[in-house]
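The chains referred to below are lettered A, B, ... by the order of the sequence lines, with proteins before strands, and numbering in each begins at 1. Just so it is clear, the model here is predicted, and its values are computed rather than measured.
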Amino acid sequence: MVRGLLLVRLARRAEGRTGRVDRAGRIGRVGRVGAVFLRDLTAARNLGEALLLATGLLEPLLYLLSIGFGVGGLIGEITLADGQRVPYPVFVAPAMLAASAMSGPFMESSIGFFAKMRFRKLYDATVCTPVTPAEIAIGELLWSLAQASLFALSFVVIMTAMGLTTVTGALAALPVAVLIGFAFGGLGLLLATFLTGWQDFDYLGAAVFLMFLFSGTFAPVEDYPTAAQVVVHLTPLFHGVSAVRDLTFGSPGWGLLVHLGYLVGVGVLGLWLASRRISRTLCR
Amino acid sequence: MPEPEPLIEARRLVKRFGDFVAVDGIDLRVRPGEFFGFLGPNGAGKSSTMRMIGCVSPPSAGTLRVFGRDPVADGPAIRARLGVCPQRDSLDEELSVRENLTVYARCFGIARREARRRAEELLEFVQLTERARDRVEPLSGGMKRRLAIARALINDPDVLMLDEPTTGLDPQARHLVWERLFQLKQRGVTQVLTTHYMDEAEQLCDRLVVMDRGRIVAEGSPRQLIDEFSTKEVVELRFGNERTDAVAARLGDRLTGCCERQEVLPDRILLYTVDGDATVDAVHQRDATPSSVLVRRSTLEDVFLHLTGRTLVD
């Protein structure tokens, strides 16, 4: 209910701020991206997505409670590579934040976008307006990030309340969560342009689940076999999890910049390539 | 008075998809206030041409100017002044009827209040005011098409592009759409339409081109095309259950003198003539004994079938 009200207010705000507009209908890039965002917001309001959104928060929370505290009760504290000893829930919570910041934007940008573009032909009408395919991609990505930001905000509040991180740590982790969403959103859009049908959705789901399990989420990566470590270091979620951990309980160093840079790179490259490919699909 | 600048101008315009040539070097001009039609069978290149004009498909060769601008370089600026009603309505099923208009208006940068005002006005125009708050999905085909037309008008376009606006609609729904398009024409809105319905082209278009296999095979007003490619009247002869090719063989060239051209179809024989009654008299004098005779004016359908042939194109 509260989320529904929040969405309505956000919609009103967004309408007022979608760039410079006038009666004659001149419109800038910001306004055009805003129009795509606004469409999603309006649809979400109609579909009553509030409940769906709530489940987005519930999932990482349930993992935190069951594994972080449940399994954590059996483990107690764990020792990290640098010798630091932390309670298991403190170790797992940042990973849950990172994973939830990944899955929402990734699924929405890949499967969601594919369905809108190929099955529902939603953008066939949009491209007949001044809005360009690249602006459609950016607008959609921003919408999924807006949702992910709401989850992330709620989750860090819970983390802080449970004493799993400090207020400073929570505030620092929040933008990183949004950055993780950006990286996976860009990647998702790119993958969406390669999808051909329902059967491909299973592969995406499997890839996300594998990353969720093995990105240093539940055990330190240093405990993995060397070959596995190399693979894990390539996945964007590993960098996301590591960055959030550095900020919530670790000591941020140069490594943090590498993690953040990797995420920015994946997101920008994904979005750029996706825009080009979407353009070729919609404007043949 | 000099001729007004054309709103749309194409020279040697080509569209290729791989090896397939969809549009094969066409020339055309659409003038302000004109109702211009593309008539042709499926796969003639009508929609490809419309998409190029709509700046959603880059031309493969030739030149195209819309409002004097280049569609590839100035796409957004051109699209801001076009209203497009695509072949598939592609309406947004997650939005209400009214939201389909207001949300679309935002893509043109029309402010919220103004968007709402225009939406009310357009819903009135296409007779959907009662359904404003409903979802799109349960609407009938005719209602959906009207909504798509209303959506295409939201930016008060200088040119309205209609890709097969009445395909798949029942007769009542078609007539309502035609009525609305005719009203827009009276208001001076320039319209470009594709269709494979002759009656539609005949009723609405000031000028049209007939397309076949990517080329323009004829151009002019409906009347000019009929005068040029058909005769004033057509006599249709039917022969009960007798096969028409057998009839044609039996009659030999007995009918040749009484008409300008004859065509033998499986179910009837068509005689193209200047004077239908005189031809009918001649037919009776020569003992052709048809079971039924129909004299009618020549239509665009005769022109169309003459120019593009009767072979089915899928």
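- Atom CD of Q87(B) sits about 11.0 Å away from atom CG of D124(A), to the nearest 0.5 Å.
- The candidate from T102(B), V103(B), I78(B) with the greatest count of non-hydrogen atom pairs under 4.5 Å with chain A is V103(B).
- No donor-acceptor pair under 3.5 Å is formed between the side chain of Y104(B) and the backbone N or O of T126(A).
- Using a 4.5 Å cut-off on side-chain heavy atoms (C-beta onward), R88(B) and K121(A) make contact.
- Counting only heavy atoms from C-beta outward, the side chains of V131(A) and R106(B) never approach each other to under 4.5 Å.
- The shortest non-hydrogen separation linking C128(A) to V84(B) is SG-CG1, 3.7 Å.
- Residue E130(B) qualifies as open at atom CD: its count of foreign heavy atoms under 6.0 Å is 12 or below.
- No more than 12 heavy atoms of other residues, nucleotides or ligands sit less than 6.0 Å from atom CZ of R116(B).
- Contact record, S90(B) with A125(A): OG-CB, 3.6 Å, taken as the closest heavy-atom pair.
- Shown here is R215(B), whose CZ atom has no more than 12 heavy atoms of other residues, nucleotides or ligands within 6.0 Å.
- Of all residues in residues 47-59 of chain B, those placing a non-hydrogen atom less than 4.5 angstrom from a non-hydrogen atom of chain A are R51(B), V56(B), S57(B), P58(B).
- Put simply, the side chain of T129(A) does not reach to within 4.5 Å of the side chain of R79(B), judged on heavy atoms.
- With rounding to the nearest 0.5 Å, the separation of CG in N46(A) from CD in E93(B) is 13.0 Å.
- Heavy-atom neighbours of Q183(B) CD from other residues, nucleotides or ligands within 6.0 Å: above the threshold of 12.
- Counting non-hydrogen atoms of other residues, nucleotides and ligands closer than 6.0 Å to CZ of F209(A) gives a total of 12 or fewer.
- The pair D92(B)-R39(A) meets the salt-bridge criterion, with a side-chain N (NZ, NE, NH1 or NH2) lying under 4.0 Å from an Asp/Glu carboxylate O.
- Under the 4.5 Å side-chain criterion, counting only non-hydrogen atoms from C-beta, R120(A) is in contact with E94(B).
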